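Each remark here refers to the structure printed beneath this line.
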Amino acid sequence: MSSFANGGFARPWWRDLPGWLLLWTLAAVALVSTGAERRSVRRMTPPERAAVFLRTSDTFRSLCESPLASDFTARCREQARFLALFPECDDACRERLLPWR
């Protein structure tokens, strides 16, 4: 039922504009941030990239594949997203990350 039927006026479109601008700004920041991490991983030399991947994978395994993993849900999701950026993350690696994506 429209607000006119209740004796009121429709909300002007411009009153919603700040909320929409904030939403689109946050989406753009998230997109740029993910792109920046991806570019950083690609710029690493293969030995550097492998070392960072192994360290992060070990941390993920000890933290997110333990009985206490549910206490670290946000951290595990972030680690899973980060690990998926690496070319070293093969099919078995991606399978391990599925519960956290």
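As the structure is a computational prediction, the values presented were derived from the model and not from experiment. Both backbone and side-chain heavy atoms feed into the values below; hydrogens, waters and symmetry mates do not.
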Mind listing the closest non-hydrogen atom pair of Ala69 and Cys76 along with its distance?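 Taking every non-hydrogen atom into account, O-SG, 4.4 Å.
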Under the side chain to side chain contact (heavy atoms under 4.5 Å, CB included) rule, what do Cys93 and Phe53 come out as? Steps first, then yes or no, please. CA-CA 11 Å; Cys93 169; Phe53 174 78; 4.0 Å; yes
Test item: side-chain donor near acceptor, Glu37 and Ser40, under 3.5 Å: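 Note: Glu37 and Ser40 side chains miss the donor-acceptor criterion.
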[atom1] of [X] to [atom2] of [Y]: how many Å apart, nearest 0.5 Å?
{"X": "Trp100", "Y": "Leu83", "atom1": "CH2", "atom2": "CG", "answer": "13.0 Å"}
{"X": "Arg77", "Y": "Arg101", "atom1": "CZ", "atom2": "CZ", "answer": "11.5 Å"}
{"X": "Thr73", "Y": "Glu78", "atom1": "OG1", "atom2": "CD", "answer": "13.5 Å"}
{"X": "Phe72", "Y": "Ser66", "atom1": "CZ", "atom2": "OG", "answer": "7.5 Å"}
{"X": "Asp58", "Y": "Leu63", "atom1": "CG", "atom2": "CG", "answer": "12.0 Å"}
{"X": "Phe82", "Y": "Cys89", "atom1": "CZ", "atom2": "SG", "answer": "11.5 Å"}

Flag if over 12 foreign heavy atoms under 6.0 Å of [atom1], [X]:
{"X": "Asp91", "atom1": "CG", "answer": "no"}
{"X": "Arg61", "atom1": "CZ", "answer": "yes"}
{"X": "Arg96", "atom1": "CZ", "answer": "yes"}

Is the backbone N or O of Ser62 less than 3.5 Å from a side-chain atom of Glu65, with the two atoms forming a donor-acceptor pair by type?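 A pair under 3.5 Å: no.
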Main-chain N/O of Ala84 paired with Arg94 side-chain donor or acceptor, under 3.5 Å: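 It does hold such a pair.
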Qualifying residue, where the test is side-chain contact (heavy atoms from CB on, under 4.5 Å) with Arg42 and the options are Arg39, Met44, Arg38: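 Per the side-chain contact (heavy atoms from CB on, under 4.5 Å) rule, the option paired with Arg42 is Arg38, out of Arg39, Met44, Arg38.
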For the residue pair Arg49 and Pro87, establish whether any side-chain heavy-atom pair is separated by less than 4.5 Å.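 Arg49 vs Pro87: side chains touch.
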